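Small disclaimer: the values here were computed from a predicted structure and weren't measured.
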Amino acid sequence: MVSEASNKAGKVPSHSGELDVTKFLWVQTRRHLGLLIASPGEIVNPLLFFLLVVILFPLGLGPDPEQLAILAPGILWVVALLANLMICMRLFVDDFEDGSLEQLAMAPLPLAVAVVPQLLASWLASGVILSLVSPLFGLMLGFPLEAAPTLIASLLMGTLIMLLLGGVGAALTVGIQRGGILLALLILPLYVPILIAGTRALEEATSQGDPMVALALLGAGVTGGLVLAPVAIAAGLRVSLEL
């Protein structure tokens, strides 16, 4: 019988008594998705933030559709970056406060693997949804609908990279009171190359150019982030947990 504490940390012993890693990752992913759905603000707030900022830009810059269409790639990516920062600030806080994070660190598998479900759940509930609805926000700025596939693809990869990098900062600051400002100072400089590549992809798509080079750079960032970020996140969490 799986104890309550084990369930909280997502421990799923197999019939032989050894941890079933696949079930562990599946249970943890479902657990984190369930927590995010139970607290819809975690999902809705970034979308509302994105919508409000997109509404405010035409008010500040003027209603000229041609001017807005020129600025749309940069606006969409800057807003996506800030929305992602909001998500990263809460990434490990709840698990740190209720002790689940410490149990997870003591689970019989590498912490770098154990944190993957939480990253995946956060990306599915934030980055994927934000990417899929982004063409609607883009239309409000005059972003052409024919460039929507590039917008979605670039944001899917960009939000994943930003979440992985943000996870490293969140792991290092999770135990610090009001660590949000420190988190922003740590990770915003790392977001700059992603912002440049993402904006470049949209500019190429809207000017009938080739966005594949910029998208390939984002794809390379995803690959490198998936390999390196979980290890860095695990090291950061162990520092914060003093393990």
Exercise. Phe57 pairs by side-chain contact (heavy atoms from CB on, under 4.5 Å) with which of Val54, Leu59, Ile55, Val53?
Worked result: Val53
For this session: Take Ile233 and Leu119, measure what side-chain contact (heavy atoms from CB on, under 4.5 Å) needs, and give me the verdict at the end.
Result: CA-CA 10 Å; Ile233 291 170; Leu119 297 171; 3.7 Å; yes
Exercise. Are Phe143 and Pro135 close enough that some pair of their side-chain heavy atoms sits under 4.5 Å apart?
Worked result: no
For this session: Evaluate the side-chain proximity of Leu76 to Ser134: yes if any heavy-atom separation is below 4.5 Å, no if none is.
Result: no
Problem set entry | Residue Ile181 excluded, over 12 heavy atoms near CD1 under 6.0 Å | no
Exercise. Do Thr159 and Ser126 touch side chain to side chain, with heavy atoms closer than 4.5 Å?
Worked result: no
Seminar exercise, completed: Which of Ile129, Asn84, Leu156, Leu164 passes side-chain contact (heavy atoms from CB on, under 4.5 Å) with Trp123? Answer is Leu156
Problem set entry | Transitive ILVMFWY side-chain link Leu33 to Leu132, under 4.5 Å | yes
Exercise. Should Leu155 and Leu47 be regarded as members of a common hydrophobic cluster, given that ILVMFWY residues are connected when their side-chain heavy atoms come within less than 4.5 Å of each other, either directly or indirectly?
Worked result: yes
For this session: Measure the shortest side-chain to side-chain distance between Ser100 and Arg31 over non-hydrogen atoms and say whether it is less than 4.5 angstrom.
Result: yes
Problem set entry | Any side-chain heavy-atom pair of Pro211 and Leu202 under 4.5 Å | no
Seminar exercise, completed: Minimal heavy-atom distance between Ala125 and Leu36, with the atoms involved, is CB-CD1, 3.6 Å
For this session: Determine whether Gln28 and Leu104 make a side-chain contact, defined as any pair of heavy atoms from C-beta on separated by less than 4.5 Å.
Result: yes
Exercise. Under 4.5 Å between side-chain heavy atoms, hopping through other hydrophobics if needed: is there a path connecting Leu145 to Leu51?
Worked result: no
Exercise. Does Pro230 reach the side chain of Val113, with side-chain heavy atoms less than 4.5 Å apart?
Worked result: no
Problem set entry | Heavy atoms from other residues, nucleotides or ligands near CE of Met212 exceed 12 (cutoff 6.0 Å) | no
Problem set entry | Nearest heavy-atom neighbours spanning Leu183 and Gly166 | CD1-O, 3.9 Å
Exercise. Is it the case that one hydrophobic cluster holds both Val116 and Phe92, taking links as side-chain heavy atoms less than 4.5 Å apart, direct or via other members?
Worked result: no
Exercise. Would a 4.5 Å heavy-atom cut-off, applied to side chains only, mark Pro46 and Leu130 as touching?
Worked result: no
Exercise. Between Thr199 and Ile196, is there a donor-acceptor pair closer than 3.5 Å when you use the side chain of the first and the backbone of the second?
Worked result: no
Exercise. Knowing that exactly one of Val133, Leu82, Val79 qualifies, which makes a side-chain contact (heavy atoms from CB on, under 4.5 Å) with Phe50?
Worked result: Val79
Problem set entry | Flag if over 12 foreign heavy atoms under 6.0 Å of CD, Glu66 | no
For this session: Kindly work out whether a path of hydrophobic side-chain contacts (I/L/V/M/F/W/Y, heavy atoms less than 4.5 Å apart) joins Leu85 to Leu185.
Result: no
Problem set entry | Evaluation steps, side-chain contact (heavy atoms from CB on, under 4.5 Å), between Leu120 and Leu25 | CA-CA 10 Å; Leu120 177 61; Leu25 297 176; over 6 Å; no
